Amino acid sequence: MEFSKMILPNNKSYYKNAGSIARLINYTLAPGKSYYDGKFLKKVHYCASNCVDISTTYSAVCQIKAIKQFYDKLDGRQMYHYILSFPSSVQDPHKVYEIGMEIMHTFFKDYQTVFAVHEDSDNLHIHFVFNSVSYVTGKKWCPKYKEFYRLKEAVEHMADSHFCRNDISVLLE
């Protein structure tokens, strides 16, 4: 897609400790950015999770760390952060939330995942945050660039199937 972008960090120290897990989840679910269970917290419309209690950041971090400890995968990258941005013509946050649910259950189903629809810019966008260790297999997700691009294309195709235009932007950190 001509309007798609993916940014992969060159900094290998991204998300390497428990503090970074908490900061990332806090940012994603931050008051001033989202709804949680229908309660207005400000600009994030909807959020959800897969196998993570997001009632508090502390509980989410503890559960994510427990999976890492159980599988003895405490080193290296702790989390992945994936951002899917929609064109300004997309104005329905509930529709974007439904797309986020579909993406989470299709592509991140074996990973503890948190996502939220943000409305704090000109474009609705979804922040996905997921554990680098699968709670199902215990394997660590260590994709090559080729895998990132396959994921990007598949996510865009899924999101595109809900809209007429192909101008969805994806960023992966």
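Owing to the predicted nature of the structure, the values given are computational and were not obtained by experimental measurement.
- Here CZ of Phe86 is found 15.5 Å from CG of Asp122. Values are rounded to the nearest 0.5 Å.
- More than 12 non-hydrogen atoms from other residues, nucleotides or ligands lie less than 6.0 angstrom from NZ of Lys140.
- Of all the heavy atoms in Val96 and Leu124, the pair that sits closest is CG2-CD1, 3.8 Å.
- From Gln63, atom CD reaches atom OH of Tyr58 across 11.0 Å, with rounding to the nearest 0.5 Å.
- The shortest side-chain heavy-atom distance between Ile64 and Ile25 falls under the 4.5 Å cut-off.
- Nearest heavy-atom pair, Arg77 versus Met79, reported as atom, atom and distance to 0.1 Å: NE-O, 2.9 Å.
- Using the six-membered ring where Trp is involved, His118 and His127 have ring planes that are tilted, between 30° and 60° apart.
- Using a 4.5 Å cut-off between side-chain heavy atoms of Ile, Leu, Val, Met, Phe, Trp and Tyr, Ile67 falls into a hydrophobic cluster with Phe70, Tyr71, Val133, Tyr135, Val136.
- In this structure, the side chains of Asn50 and Phe115 stay at 4.5 Å or more apart for every pair of heavy atoms.
- Using a 3.5 Å distance cut-off with no hydrogens or angles, the side chains of Asn26 and Thr57 do pair a donor with an acceptor.
- Between atom NZ of residue Lys73 and atom CD of residue Gln78 there is a gap of 12.0 Å, rounded to the nearest 0.5 Å.
- No hydrogens or angles considered: a donor-acceptor pair under 3.5 Å links the side chains of His94 and Glu98.
- In this structure, CG in Asp75 is found 10.5 Å from OG in Ser132, a value given to the nearest 0.5 Å.
- Judged by distance alone, with hydrogens and angles left aside, the side-chain atoms of Glu153 form no donor-acceptor pair with the main-chain N or O of Arg150 at under 3.5 Å.
- Rounding to the nearest 0.5 Å gives a distance of 4.5 Å between CG of Asn123 and OG of Ser85.
- Scanning all heavy atoms of the two residues, the minimum distance from Ile54 to Ser49 falls at CG2-CB, 3.7 Å.
- The two residues Ala159 and Leu84 have their closest heavy-atom pair at CB-CD2, 4.2 Å.
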Kindly list each side-chain donor-acceptor pair under 3.5 angstrom involving residues 99-110, sequence neighbours excluded, with atom names and distances?
| unit_1 | atom_1 | unit_2 | atom_2 | d |
| --- | --- | --- | --- | --- |
| Glu102 | OE1 | His162 | NE2 | 2.7 |
| Thr106 | OG1 | Glu102 | O | 2.7 |

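- The shortest distance between side-chain heavy atoms of Tyr111 and Phe128 does not fall below 4.5 Å.
- Taken from CH2 in Trp141 to CG in Asn131, the straight-line distance is 12.0 Å, to the nearest 0.5 Å.
- For the pair Gln69/Leu74, a side-chain contact is recorded, criterion being any heavy-atom separation below 4.5 Å from C-beta on.
- In this structure, Lys65 and Cys62 have side chains that are not in contact, with every pair of non-hydrogen atoms separated by 4.5 Å or more.
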